[in-house]
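Remember, predicted model here, so these are calculated numbers, not experimental data. Just so it is clear: chains get the letters A, B, ... in the order the sequence lines come, proteins before strands, and each one is counted from 1.
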Amino acid sequence: MAKTEEASSSSSIVDSAPRPWESYHTVYTNAKAGMDGVDKEKVQRVVYEMSKGSKYFENEERKEAYMKQKIENMRDQLANLKTTDISNYQKVADKRIAELEATRDLSRIWLHVDMDAFYAAVETLSNPSLKGKPMAVGSMSMISTANYEARKFGVRAAMPGFIACKLCPDLIFVPTDFKKYTYYSDLTRKVYHEYDPNFTAASLDEAYLDITKVCKEKGITGGEVGEELRENVYKATGLTCSAGIAPNRLLAKVCSDINKPNGQFVLPNDRAAIMTFISSLPIRKIGGIGKVTEHILKDVFEIKTCEDLLQKSSFLCALFSHSSAEFFISVGLGLGGTDPPSVRSRKSISNERTFSATKNEAFFNQKLVELADMLSADMEKEGLHGRTLTLKLKTASFEVRTRALSLQSYICSSKDILKHASKLLKAELPVSLRLIGLRMSHFNEEKSANVSDPTQRTILNFIKSGDFNKESVDVNNGLHDAYNDEETLSQVTEISCSDYNETEPSSSSSSSSNHEKNQEQELMWVDDYKCLICGLELPPSFLEERQEHSDFHFAQKLQQEEKSRQIYRNIPLKHRMMSGKDGGVGQGKGKKKQKHSVKNGNHIPIDAFFTKRS
DNA sequence: GGGTCAGCTCCAA
DNA sequence: TTCCATTGGAGCTGACCC
C-alpha cells in the first residue's frame with residue numbers, strides 16, 4: 001500500500017505512467033483483516049483493468065482530479081504561511097493539546113466487539129458445505145462481505161461482484177438474507193446485555209460495551225471479560241468474534257481489528273502505553289479517517305501516523321476548521337469517547353433505489369411512487385412527520401445531485417411526499433438517471449411539536465396574547481382601510497389558507513394540528529355561537545363559514561402586522577408579500593433561489609469542505 | 001455585520 | 001454486461017432578519 005501511495009504522488013499523468021493502476025485508488029485496495037499476503041499489485045491491476053473506461057471510472061477520475069486540486073490549494077496555503085503565522089498557530093495548537101490532555105479519562109474500560117465476517121459466517125453456519133470455500137455475500141453488482149478464504153484473493157466488502165469474480169474465478173455468491181443476520185445479531189446482543197445493559201450497537205455485527213462495572217464486580221481484568229464474552233457469544237451462536245479492550249471507544253475499535261479473526265487485543269489504561277500504541281498507528285486505522293482524509297493528510301502534510309498528527313498540529317490548526325483540527329489532535333493524543341454515548345434520536349429517514357441508467361420519465365415517476373410509498377410506510381411505522389424532503393439523484397455518469405425543500409408543515413403521507421418529490425424531480429428533467437432516492441428530515445420531536453412554536457402566528461396565539469381586544473377596535477374602525485388594496489387582501493388571505501392547508505387532515509398531519517384548530521374554535525366562539533373578536537354570530541353547524549371567518553381574522557392579523565412593519569421599513573407591502581409567495585411550495589422562508597450549480601460545473605470544489613477559509 | 005436557516009456536497013461507516 | 005443502501009454529520013454559500 002505504501003508503495004502505491006508513493007507511486008501515486010509521483011505520477012501526475014495517469015495514462016503516461018507505466019503502471020496506471022497504481023494511481024487508481026479504491027476503498028477496496030486498502031488493507032483489511034485477513035488480507036495479509038494478498039498480491040496487492042495484482043488486485044489493483046485487476047480492479048483498474050475491469051474499471052477502466054466505464055462511467056464509474058470516469059467519475060472516479062473526476063473526483064480524483066478535484067482531490068488533487070484541493071491538495072494543491074492546501075499546499076499553496078501551507079507554503080504561504082509566514083513564520084509568525086506558524087508560531088501563532090503553534091501556540092493555538094499547544095493550548096488545545098493541553099486542554100484536551102486535561103480531559104483524559106483513564107478510569108473506564110471499553111470493549112469493542114466485532115463479529116468475524118459476519119454475513120459470510122452466518123451463511124456458512126446454515127450451509128456447512130460452504131466451509132473452506134471462497135464465498136461472498138452479495139451479487140455481481142456489489143459484495144456485502146467475503147469470507148477469509150475469498151479475502152486471500154483480494155475479494156472484500158464494497159467490491160463489485162464482477163471484479164471479485166475476476167480475482168477469484170471459483171468464488172461462490174450467496175444472496176443477502178437480512179432476516180437471518182438479524183436473528184443471529186439478536187443472539188449476540190443478548191450476550192452483550194449481560195455485560196453492559198446499556199451497550200451501543202454500532203451495526204448488526206458490532207457493539208461497544210462499557211465493562212468497567214462488570215470488571216469491578218467480578219474482580220477480573222478487561223482481557224478476561226473479553227475472553228469470557230467471546231466464549232459466550234460462540235456458545236450462543238456458533239460464530240466467532242474479535243474484541244478490543246481499551247480506555248475509550250476509539251481505541252477499543254482500533255484494537256478489535258488487531259487480532260482478527262477470533263482474537264482480542266488489550267490496551268492498558270496507561271498514558272505511556274497509549275502514546276506508544278498511537279505513535280506508529282497509521283491514520284487510516286482511525287474511525288472517521290477515510291480514503292480522502294488519509295490522502296490529504298499524507299499528500300499535504302506528510303502525516304502517516306497518529307503521532308504525526310500531534311507533530312503537525314500547528315499546520316492542522318492553520319488549515320482546518322476548529323472541529324476538524326480538534327479531532328485530529330485528540331486522535332494524536334489517543335483520546336476518544338469515554339462517556340456513555342447519549343441516546344441519539346433519528347435525524348432523517350430515507351430510501352433509494354438503483355436501476356439501469358434510463359431517461360424514461362414514466363419510469364422515474366413509477367420509481368418515485370414506490371419510494372414515496374416506502375418512505376411513508378417507514379415513517380408511519382416510527383410515528384414520524386417531517387418537513388424537509390430531499391430528492392437524491394445519481395446520473396448515468398455517477399454524478400450525485402440532491403435537491404431539497406422545506407415545507408411549512410410536517411408531512412408523512414405518500415401522497416404529500418410524492419407531490420413535492422415530483423416537483424423537485426421535474427426541475428431536473430430531462431436527465432438520464434441510475435438512482436433515485438428520497439430522504440425526509442426535520443422531524444417534529446414530539447407529536448405536539450408542530451404546534452409548539454410560541455412565536456408561530458396562529459389564531460390561538462393571537463387570541464391567547466389578548467391582542468385581539470386592542471385590535472378588534474381596529475377591525476371595526478379601520479378594517480376597510482386596511483383592505484383597500486384588493487390584491488393585497490387576496491394575497492394575505494391566500495397565505496393564511498395555505499398555512500391551514502399545510503396542516504389539514506388530508507395531509508395526514510398529526511392529530512395535534514386538529515386539536516389546535518379545535519382549541520382555536522373553542523376560544524374564538526363564545527358560548528359556541530359568537531365570535532370573540534368581532535361579535536359575529538355563527539352556529540356550530542356552519543363549519544365552513546366558521547373556518548372562513550377564522551381565516552379572515554388570521555389574515556387580518558397578518559395584514560396589520562405587515563402594515564406596521566411596512567411603515568417602519570418604508571418598503572412596499574405588495575412587493576414583500578409577493579416575494580414571500582414567489583418561492584412556490586414550501587420554501588420555508590420562501591425566498592431562496594434554487595441552485596443548479598452542478599449542472600454548470602460550478603459546484604463548490606471539494607477543498608471547500610475541509611480547508612479553512614480566510 | 002452577525003446570526004440563522006435552507007440547500008448542497010462530500011465523507012465515513 | 002455489471003460499481004449498493006442507509007444514516008449522520010461537517011462545513012460551505014447565499015439569502016434573509018434584526
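If you check C:dC4, B:dA12, B:dG7 against the side chain of A:T354, the one that comes closest is C:dC4. Closest approach to the A:L435 side chain among C:dA5, B:dT9, B:dC11 is made by C:dA5 (side chain taken as heavy atoms from C-beta onward). Closest to the side chain of A:T293, out of C:dG11, C:dT7, B:dC11, is B:dC11. Relative to the side chain of A:H442, the nucleotides B:dA13, B:dA6, C:dA10 differ in distance, and B:dA6 lies closest. Counting only heavy atoms from C-beta on, A:A158 has its side chain closest to C:dC4 among C:dC4, B:dA12, B:dA6.
In this structure, the NZ atom of A:K52 is 17 Å from the P atom of C:dC3, given to the nearest Å. Between the C1' atom of B:dA6 and the NE2 atom of A:H420 lies a distance of 16 Å, rounded to the nearest Å. When rounded to the nearest whole Å, the span between CZ of A:R62 and P of B:dC10 equals 11 Å. A:L393 places its CG atom 15 Å from the P atom of B:dG7, with the value rounded to the nearest Å. For the pair A:E370 CD and C:dA5 P, the interatomic distance rounds to 13 Å; values are reported in whole Å. Regarding A:I296, its CD1 atom lies at a distance of 13 Å from the P atom of C:dG11, rounded to whole Å. The CD1-P distance, from A:I163 to C:dC3, rounds to 10 Å in whole Å. The separation between A:F355 atom CZ and C:dT2 atom C1' is 16 Å, rounded to whole Å.
At the heavy-atom level, A:G138 lies nowhere under 4.0 Å from the strands shown. Using a 4.0 Å heavy-atom cutoff across all strands shown, A:T402 reaches at least one base atom of the nucleic acid. Residue A:I286 is in sugar-phosphate contact alone, with no base atom involved, counting any heavy-atom pair closer than 4.0 Å across all strands shown. A:R439 comes within contact range of at least one nucleobase, with a heavy-atom separation under 4.0 Å. Among the heavy atoms of the strands, none lies under 4.0 Å from A:I143.
Mapping A:S323 and A:M142 onto DNA chain C by nearest heavy atom places A:M142 closer to the 5' end of the strand. Nearest-nucleotide positions on DNA chain C place A:M140 closer to the 5' end than the other of A:N351 and A:M140.
Taking the six-membered ring for Trp, A:F178 and A:Y119 have ring centres closer than 6.0 Å. Checked against a 6.0 Å centroid threshold, the rings of A:F328 and A:F301 do not count as neighbours.
Looking at heavy atoms from C-beta onward, A:I278 lies out of side-chain contact with A:L309 at the 4.5 angstrom threshold. Inter-residue side-chain proximity for A:T358 and A:L433 is flagged as unmet; no heavy-atom pair is nearer than 4.5 Å.
The side-chain hydrogen bond (donor to acceptor under 3.5 Å, both in side chains) search around A:K166 returns none, not counting sequence neighbours. Taking the salt bridge (Lys or Arg N to Asp or Glu O under 4.0 Å) definition, one finds that A:E326 meets it with nothing, sequence neighbours left out. For A:K312, the salt bridge (Lys or Arg N to Asp or Glu O under 4.0 Å) test picks out no residue, with sequence neighbours left out. With sequence neighbours excluded, no residue forms a salt bridge (Lys or Arg N to Asp or Glu O under 4.0 Å) with A:K394. Residues satisfying the salt bridge (Lys or Arg N to Asp or Glu O under 4.0 Å) test with A:K426, not counting sequence neighbours, are none.
An OP1 or OP2 oxygen of C:dG11 is reached within less than 4.0 angstrom by a side-chain nitrogen or oxygen of A:S324. Note on A:R353: every side-chain N or O is 4.0 Å or more away from OP1 and OP2 of C:dC4. Neither OP1 nor OP2 of C:dC3 sits under 4.0 Å from any side-chain N or O of A:S51. A sub-4.0 Å separation between OP1 or OP2 of B:dC11 and a side-chain N or O of A:R284 is absent. The shortest distance between the side-chain N/O atoms of A:S321 and the OP1/OP2 oxygens of C:dA10 is not below 4.0 Å. In terms of phosphate contacts, A:R434 brings no side-chain nitrogen or oxygen within less than 4.0 Å of OP1 or OP2 of C:dT2. An OP1 or OP2 oxygen of C:dT7 is reached within less than 4.0 angstrom by a side-chain nitrogen or oxygen of A:S350. Of the side-chain N and O atoms in A:K394, none sit less than 4.0 angstrom from OP1 or OP2 of C:dC3. Between A:S141 and C:dT2 there is no side-chain polar atom (N or O) within less than 4.0 angstrom of OP1 or OP2.
Where pairing requires Watson-Crick or G-U contacts shorter than 3.5 Å, the helical stems of DNA chain C with at least three consecutive pairs are B:1-13 with C:6-18.
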